[in-house]
Undergrad: 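One structure, pasted below without further comment.
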Amino acid sequence: MSDAKLRLIARAARDIAPGMTVNLGIGLPTQVVNHLGPDFPVCLHTENGMTGIGPTLPFDAADRNLIDAGGAYVSPIPGSAYFDSATSFAMVRSGRLDLTMLGAFEVAENGDLANWKIPGKFSPGAGGGMELAQKARRVVVLTTHTDRAGNPKLLTRCTLPLTAAGCVDRIFTDMAVIDVTPAGFALRELARSVTVAQVKKATGAALHLPEGDIPTF
Amino acid sequence: MSDAKLRLIARAARDIAPGMTVNLGIGLPTQVVNHLGPDFPVCLHTENGMTGIGPTLPFDAADRNLIDAGGAYVSPIPGSAYFDSATSFAMVRSGRLDLTMLGAFEVAENGDLANWKIPGKFSPGAGGGMELAQKARRVVVLTTHTDRAGNPKLLTRCTLPLTAAGCVDRIFTDMAVIDVTPAGFALRELARSVTVAQVKKATGAALHLPEGDIPTF
Amino acid sequence: MKLPDKTTTMESAIAAIPDGATVMLGGFGVPGTPFLMIRELVRQNKRDLTIIKNDANETGMGVDHLLVAGCVRRLITTHLGLNANAIRMMNAGEIEVEFCAQGMLAERIRAGGAGLKAIVTDIGIDTEMGAGKPRVEVNGETAMIETALRADVAVLHAAQADPFGNLCYAATARNFSPLMAMAAKTVIVETEKLVALGALAPDHVHTPGPFVDHVVHIPELSEEYAVVRR
Amino acid sequence: MKLPDKTTTMESAIAAIPDGATVMLGGFGVPGTPFLMIRELVRQNKRDLTIIKNDANETGMGVDHLLVAGCVRRLITTHLGLNANAIRMMNAGEIEVEFCAQGMLAERIRAGGAGLKAIVTDIGIDTEMGAGKPRVEVNGETAMIETALRADVAVLHAAQADPFGNLCYAATARNFSPLMAMAAKTVIVETEKLVALGALAPDHVHTPGPFVDHVVHIPELSEEYAVVRR
């Protein structure tokens, strides 16, 4: 993984407040767990029916009955609980999930998120992503700032089918930390050695700049 | 309890088929349990969250956490299970209750049942009775044939607020066993030393008689 | 990572409940009723509460103390048969009472806890309980919309809890509690036994900790929890 | 009274499933998938099935055997990401696929199991998943009616069962199984461990016996149940 990606993951981890219940989506978000210390008070949730997710286990130590929603073999910690899929999503929809971190194909300046379908190319189904995006109290996206072809993923409007409308609060990319505000995208922080001009060029929508210095991560 | 009541309870018990899941309502139905042998395969359900109800316990042996819906202290048997109220009524509404035995204020010849409310006199709420009456696969009523003033409880139409419409399949009284049929009340059996004329007189609706001999119980 | 500690005192947990709050109370008869928490609600002299509970306990017990102390404006319940005082207050207009079919109360609370807006059912459709409820057609059948119920606070009793709020209930003391734990903004639990994190097997937890906000250990039970001599 | 015995053989339990049946299958990935029962469905050459399952397992495993053998007409699911064969068959029109949001699939099955007609929700309301679904107003908010799902048969895997059909699941193998156990006319369970009546603590039962029709003991697991090396 690139150094910029590692730093975006570490930076995202710092947004997890003590006491939160958090769901980490597949991809970059999953890596955030490596930045949570052993004494940090947090509860990780996986939608296939577990709270209190512990470290991922290697093949030889894995329990065949214990995976996360991404299929990784995980372990319990003291205070873990298992439950059925209805209870798991009840937790999400009734507002008990303080934060979810998700990947994205596209994020729009109004907070719309598209991360489940590319018509004609990628249509495996939405899994639990719609409920996580629509109902977690806070939704943040971890993504590269542009796709592999260099096209911006932060846009004025999403072109792909939505996962949920107006759901995204903040975006962590390999270039910047950007908030979704009523006025649109607002730059909060810059990745080390990235310039405002570079972020503007890589963003497919207007970017509001803060007054004064911009912190780096 | 009168001998006639005891015999109606014993007769009702014979309608429980091996393998059934059964809910016995408060009052006369509760007594049916005394007529089920120790090896008889049946599962008793109580709507406050238990299947596999065992014998009622005296004060000194009671578990403060284990009651039936009528408030009696009951005991578990091998294979009992406890569950929450939503699961308990899911069992009722999804058709897993083969039979419920209920008390009645009034039963109409179209199967309507009134057993929860006497406006102005008795309005404590319906409890779980509506779901039991509406959704058990088979609903039978255990009741005296007339009220204390001698008025018929089996009527052409109910005068009291309904518990459920068209739900009753069979009625066991201290005088007779009567089925609710598309044609109305049909006499099936007579209590010992009771005559057809007596039953007709005590019934507030037409009573269809069978061909041939009428069995007694 | 370790799981957060939510233990607190009864006094401070109950103190955060404002007058006028909607409060769900676990329990079906004695089992599961949080008697000590109810006493604390009375002691703190809460006013104008809407109480959601299966029943109003018996005269002189549990919910009845709230009624007698004038804490309750409105009661959403299924059956008041064992509390003549509650029925008298209802008939005298001293409290408002909304009756639900028991399984509908359970399901409406669960719907609130599951983040649903409503459920569609035919329970009570031919009775006065169904009168006035909005109708919809589903697959050619007529049914009614029953709205989800949520509360500001749920006050529950558990047999065992760990500091994160994982709960285990005993026998028929479970009843409405797991549903209410899902359906309230703030969930306060009194527990007979406070066990260490990890002492409850993850497969045996009835209410997962994330639903719970405050855990209060009650080292001793009052006589209200005991077997009732009839 | 004693509780009825529901033990039977896999062959006879599966033989009662007719062609054209709607079959719910427990499992989220490997955990909870009834692999041996699925093999028996294939062996008995069932046709024209509608399968309801969270996912289609991976290529060469579980549901994929049903797809390859041509047993499936329609699949109601949430995600096929690990089964390229299922996606190919969907794109080629060889199977019909209905996608649900995962929590909605769970909740629609539970609604079927709870004897509800439908649930009212806003999940997916601004997406193509919500397009065409009937809308209703509840407390001034617009939401959608999602119909309850039921099946002819549910085929489930339990870690432990007693002869009456009380079930305990292990860890995340629980997932959809307790919901499906409520939502099918006939519920068939394969269990790793068949224990005596009374061996499961009543407080620890995940699915109460009355929901279950047939219990099949599988003394040995196939390699499909094992940890997958990635």
Side-chain angles (χ1 to χ4, degrees), chain A residues 26 46-50 53 57-76 80-93 112-114 116-117 119-120 122-135 160-167, chain D residues 28-32 54-56 58 77-84 86-87 90-91 97-111 113-114 121-130 159 169-180 206-207 221 225-230:
Chain A
I26 302 174
T46 181
E47 59 267 33
N48 57 323
M50 180 188 192
I53 308 177
L57 297 178
F59 177 80
D60 290 333
D63 175 347
R64 65 187 162 85
N65 289 313
L66 187 46
I67 63 172
D68 68 15
Y73 289 96
V74 295
S75 57
S80 293
Y82 307 129
F83 36 83
D84 65 48
S85 295
T87 304
S88 190
F89 282 94
M91 209 177 274
V92 176
R93 288 191 307 265
D112 288 359
L113 172 66
W116 73 288
K117 186 173 184 177
F122 178 81
S123 300
M130 286 195 171
E131 272 125 331
L132 290 168
Q134 193 174 337
K135 293 297 180 180
L160 296 170
L162 295 191
T163 306
C167 64
Chain D
F28 187 119
V30 168
N54 177 65
D55 55 85
E58 303 181 36
T77 189
T78 79
H79 199 270
L80 302 178
L82 292 175
N83 190 332
I87 292 185
M90 169 178 74
N91 290 339
V97 176
E98 175 183 341
F99 283 117
C100 300
Q102 195 169 104
M104 283 297 107
L105 182 65
E107 205 61 36
R108 290 176 67 196
I109 293 168
R110 191 198 165 278
T121 178
D122 63 352
I123 294 297
I125 195 162
D126 297 317
T127 74
E128 64 175 47
M129 204 87 99
Y169 311 98
T172 59
R174 194 181 319 181
N175 57 73
F176 286 76
S177 295
L179 318 170
M180 292 175 169
H206 294 135
T207 291
L221 300 179
Y225 293 86
V227 173
V228 179
R229 197 184 281 276
R230 294 188 197 283

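Here the structure is a predicted model, which is why all the values come from computation and not from measurement. For the numbers below, each heavy atom of this structure counts, side chains included, while hydrogens, waters and symmetry mates do not. In what follows, every chain begins at residue 1, and chains take the letters A, B, ... in the order their sequences are listed.
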Undergrad: Please determine, among Lys135(A), Lys117(A), Gln134(A), the option with the most heavy-atom pairs under 4.5 Å with chain D.
TA: Gln134(A)
Undergrad: Please state whether the side chain, the backbone, both or neither of Val228(D) comes within less than 4.5 Å of a heavy atom of chain A.
TA: both
Undergrad: Could you check which of Gly127(A), Ala126(A), Gly166(A) has the highest count of heavy-atom pairs closer than 4.5 Å to chain D?
TA: Gly127(A)
Undergrad: Relative to chain D, which segment of Ala114(A) carries a heavy atom at a distance below 4.5 Å: side chain, backbone, both, or neither?
TA: neither
Undergrad: Hey, could you give me the CG/OG1 distance between Leu113(A) and Thr127(D), rounded to the nearest 0.5 Å?
TA: 11.5 Å
Undergrad: Can you say whether Tyr73(A) sits under 4.5 Å from chain D via the side chain, the backbone, both, or neither, judging by heavy atoms?
TA: side chain
Undergrad: Any salt bridge linking Arg93(A) with Asp122(D)? Criterion: basic side-chain nitrogen under 4.0 Å from a carboxylate oxygen.
TA: no
Undergrad: Can you check whether Phe176(D) reaches Leu105(D) side chain to side chain, under 4.5 Å on heavy atoms?
TA: yes
Undergrad: Chain D heavy atoms under 4.5 Å from Ala164(A): which part of the residue, side chain, backbone, both or neither?
TA: backbone
Undergrad: Please classify the contact of Glu131(A) with chain D as side chain, backbone, both or neither, using a heavy-atom distance under 4.5 Å.
TA: both
Undergrad: Should Ser85(A) and Gln102(D) count as side-chain neighbours, where that means a heavy-atom distance under 4.5 Å?
TA: no
Undergrad: Name the member of Ala133(A), Ala86(A), Gly129(A), Pro161(A) that forms the most heavy-atom pairs with chain D at distances under 4.5 Å.
TA: Ala86(A)
Undergrad: How many angstroms lie between atom CZ of Phe28(D) and atom CD1 of Ile67(A), to the nearest 0.5 angstrom?
TA: 6.5 Å
Undergrad: Please look at Ala170(D) and chain A and tell me whether the side chain, the backbone, both or neither of the residue comes under 4.5 angstrom of a heavy atom of that chain.
TA: both
Undergrad: From Leu162(A) CG over to Met129(D) CE, what is the distance, rounded to the nearest 0.5 angstrom?
TA: 12.0 Å
Undergrad: Of the backbone (N, CA, C, O) and the side chain (C-beta and beyond), which part of Tyr82(A) lies under 4.5 Å from a heavy atom of chain D, both, or neither?
TA: both
Undergrad: Keeping Asp84(A) on the side-chain end and Leu179(D) on the backbone end, is there a donor-acceptor pair under 3.5 Å?
TA: no
Undergrad: Could you check whether any side-chain heavy atom of Leu160(A) comes within less than 4.5 Å of a side-chain heavy atom of Trp116(A), counting everything from C-beta outward?
TA: no
Undergrad: Heavy-atom distances under 4.5 Å only: say whether Ser88(A) touches chain D with side chain, backbone, both or neither.
TA: neither
Undergrad: With a 4.5 angstrom heavy-atom cut-off, could you sort out which part of Ile123(D) is near chain A: side chain, backbone, both or neither?
TA: both
Undergrad: Top residue by heavy-atom pair count (under 4.5 Å) with chain A, among Arg174(D), His206(D), Met104(D), Arg110(D)?
TA: Arg174(D)
Undergrad: Are Arg108(D) and Glu98(D) ion-paired here, with the side-chain N under 4.0 Å from a carboxylate O?
TA: yes
Undergrad: Using a cut-off of under 4.5 Å for heavy-atom pairs, which of Leu66(A), Asn48(A), Thr46(A) has the most such pairs with chain D?
TA: Asn48(A)
